[in-house]
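To start, the structure under review is shown below, and the notes come after it.
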Amino acid sequence: MRIRIVDAFTDRPFAGNPAGVLLLDGAESFPDDAWLQNVALEVNHAETAFAHPLPEGGGADWALRWFTPATEVALCGHATLATAHVLATTGAARGPVRFATRSGVLVATALDDGSVTLDFPTAPLTAVGIPPGVAKALGAEPLTTHDTGPGLGDLLVELADEETVLGLAPDLASLGRHSERGIIATARAEDPARGYDFVSRCFFPNVGIDEDPVTGSAHTALAPFWSGRLGRTGLTGLQASPRSGRVRTELRGDRTLLTGRAVTVIEGDLLA
């Protein structure tokens, strides 16, 4: 079967967030979980997506699951975008695609300009006190902290400025003690004229990802946070990892639209 590596939330190779994508075209169900996990470990990117078609006439078109090298996750934006990109560029699907996932039905729409828009649930934000030890583990003093709900399992940490976010060098072993999945560190953009409204970095040591290059799911929390602060529903976020990438967000109540591009960089045969 064909396996692909796709760089998501970027318009050029070797940037954005790479994801493995495996379309199980003739399958009616997923293979054994241990095999899925082994493939994800072999691919060794932040996530590998596995999808198989569903019967016509149901509530979704494809079943979709995501695995890190260490575990299955409940929600992944960049691997969903990568899967939708593969479906669109190979002609395996036309128009909006409904994915049945652990986080409900997620819709991905390939647009005429080559970008893809994901329709994801908005993360419920709850302001919480700054947990003891977070500032030391992160290496910066938070301004505010928010719980992102069980769907994400992250702690959203607002920092003083963009420079502080870019300069983070956290103690990952300590950081993992403060949330289920990890930490989203964010600040307002220093100069919105550069084309983005806020910056972020995401650290997920608890699922085997020290720093995620570009995290679509995190933007379901970043969108309501910054839309509330900046007074606009439509924003652009820069995830300032070494690979870097941009996510356009549109807040629509309990749903958040995430838009980005993707590039297939490797395609080959999986023989195992």
Quick one: does any side-chain atom of Arg4 pair with a main-chain N or O of Val6 as donor and acceptor, under 3.5 Å? no
Tell me, do Cys202 and Ile209 make a side-chain contact under 4.5 Å, heavy atoms counted? no
Tightest non-hydrogen contact, residues Val165 and Ser200, listed as CG1-C, 4.1 Å
Can you tell if the side chain of Pro131 reaches within under 4.5 Å of the side chain of Leu155, non-hydrogen atoms only? yes
Can you tell me how far the CZ atom of Arg98 sits from the CG atom of Asp119, to the nearest 0.5 Å? 13.0 Å
Does a side-chain heavy-atom distance below 4.5 Å link Val134 with Pro142? yes
Linking I/L/V/M/F/W/Y whenever any side-chain heavy atoms sit under 4.5 Å apart, do Val199 and Val157 land together? yes
Checking the side chain of Thr89 only, and the main-chain atoms of His85 only, is there a donor and an acceptor separated by less than 3.5 Å? yes
Smallest separation among heavy atoms of Asn206 and Gly176, with atom names: ND2-O, 2.8 Å
Side chains of Trp66 and Thr101: is there a donor and an acceptor less than 3.5 Å apart? no
Is there a side-chain contact between Thr83 and Phe50, using heavy atoms and a 4.5 Å cut-off? no
Looking at CG of Leu257 and CG of Leu118, how far apart are the two atoms once the value is rounded to the nearest 0.5 Å? 9.0 Å
Tightest non-hydrogen contact, residues Ile184 and Ala218, listed as CD1-CB, 3.6 Å
Within the structure provided, determine whether Leu125 and Phe225 are in side-chain contact (heavy-atom separation under 4.5 Å). yes
Whether the side chain of Arg201 engages the backbone of Leu168 through a donor-acceptor N/O pair (distance < 3.5 Å, no angle test) should be reported. yes
Ser217 versus Arg181, side-chain donor and acceptor atoms under 3.5 Å: yes
Quick one: do Leu238 and Leu235 end up in the same hydrophobic cluster if we chain Ile, Leu, Val, Met, Phe, Trp and Tyr together by side-chain heavy atoms under 4.5 Å apart? no
Between Leu22 and Met1, is a side chain to side chain contact (heavy atoms under 4.5 Å, CB included) present by the stated rule, with each step listed? CA-CA 8 Å; Leu22 190 62; Met1 61 191 76; 3.7 Å; yes
With rounding to the nearest 0.5 Å, note down the distance linking CD in Glu158 to CG in Asp161. 10.5 Å
Is a donor from one side chain sitting under 3.5 angstrom from an acceptor on the other, for Thr186 and Trp226? yes
Using a 3.5 Å cut-off and no angle test, enumerate the donor-acceptor pairs between side-chain atoms of residues 68-76 and protein atoms at least two apart in sequence or in another chain.
from: Thr68; atom 1: OG1; to: Ala70; atom 2: N; distance (Å): 2.9
from: Thr68; atom 1: OG1; to: Thr71; atom 2: N; distance (Å): 2.9
from: Thr68; atom 1: OG1; to: Thr71; atom 2: O; distance (Å): 3.2
from: Thr68; atom 1: OG1; to: Val207; atom 2: O; distance (Å): 3.0
from: Glu72; atom 1: OE1; to: Arg65; atom 2: NH2; distance (Å): 2.9
from: Glu72; atom 1: OE2; to: Arg65; atom 2: NE; distance (Å): 2.8
from: Glu72; atom 1: OE2; to: Arg65; atom 2: NH2; distance (Å): 3.4

Would you compute the distance between atom OG of Ser227 and atom CZ of Arg252 and round it to the nearest 0.5 angstrom? 12.0 Å
Pair Glu162, Tyr196: side-chain N/O donor-acceptor within cut-off below 3.5 Å: yes
Are side-chain N/O atoms of Thr122 and Thr256 paired as donor and acceptor at under 3.5 Å? yes
Under 3.5 Å, is there a donor on one side chain and an acceptor on the other for Thr259 and Thr117? yes
Single-linkage hydrophobic cluster, 4.5 Å side-chain cutoff, Leu152 and Phe9 together: yes
Any luck finding a side-chain donor-acceptor pair between His146 and Thr126 under 3.5 Å? no
So, taking the atom named CZ in Arg248 and the one named CG in Asp197, what distance separates them when rounded to the nearest 0.5 Å? 12.0 Å
Between the side chain of Ser244 and the main-chain N/O of Ala240, is any donor-acceptor distance below 3.5 Å? no
Heavy-atom closest pair (Leu64 atom, Phe30 atom, distance to 0.1 Å) is N-CZ, 3.8 Å
Taking side chain as C-beta onward, heavy atoms only, is Ile3 less than 4.5 Å from Val43? yes
Do Gln239 and Thr215 get their side chains close enough for a donor-acceptor pair, meaning under 3.5 Å? yes
Please test Asp171 against Lys136 for side chain to side chain contact (heavy atoms under 4.5 Å, CB included), starting from the C-alpha separation and ending with a verdict. CA-CA 8 Å; Asp171 178 345; Lys136 182 177 180 180; over 6 Å; no
How far does CG of Leu41 sit from OG1 of Thr48, to the nearest 0.5 angstrom? 9.5 Å
Where is the tightest heavy-atom contact between Val214 and His78, given as atom of each residue plus distance? O-CB, 3.8 Å
Is a side-chain donor or acceptor of Asp154 paired with a backbone partner of Leu156 at a separation under 3.5 angstrom? no
Give every residue pair that meets the salt bridge (Lys or Arg N to Asp or Glu O under 4.0 Å) criterion with at least one member in residues 5-29, sequence neighbours excluded. Asp7-Arg243
With a 4.5 Å cut-off on side-chain heavy-atom distances among I, L, V, M, F, W and Y, is there a chain of contacts connecting Trp62 to Val21? yes
Looking at Phe198, is Arg188 sitting on its ring face, NZ or CZ under 6.0 Å from the six-membered ring centre and within 45 degrees of the normal? no
More than 12 non-hydrogen atoms from neighbouring residues, nucleotides or ligands closer than 6.0 Å to CD on Glu267, yes or no? yes
In the structure I gave you, are the side-chain heavy atoms of Leu36 and Val39 within less than 4.5 Å of one another anywhere? no
Donor-acceptor contact below 3.5 Å, side chain Asp269 vs main chain Leu271: no
May I ask you to test the Leu138-Leu175 pair for a side-chain heavy-atom distance under 4.5 Å? yes
What pair of heavy atoms forms the shortest contact from Gly216 to Leu258, and how long is it? O-CD1, 3.2 Å
Consider only side-chain heavy atoms of I, L, V, M, F, W and Y, link residues closer than 4.5 Å, and tell whether Phe99 and Phe67 are in one cluster. no
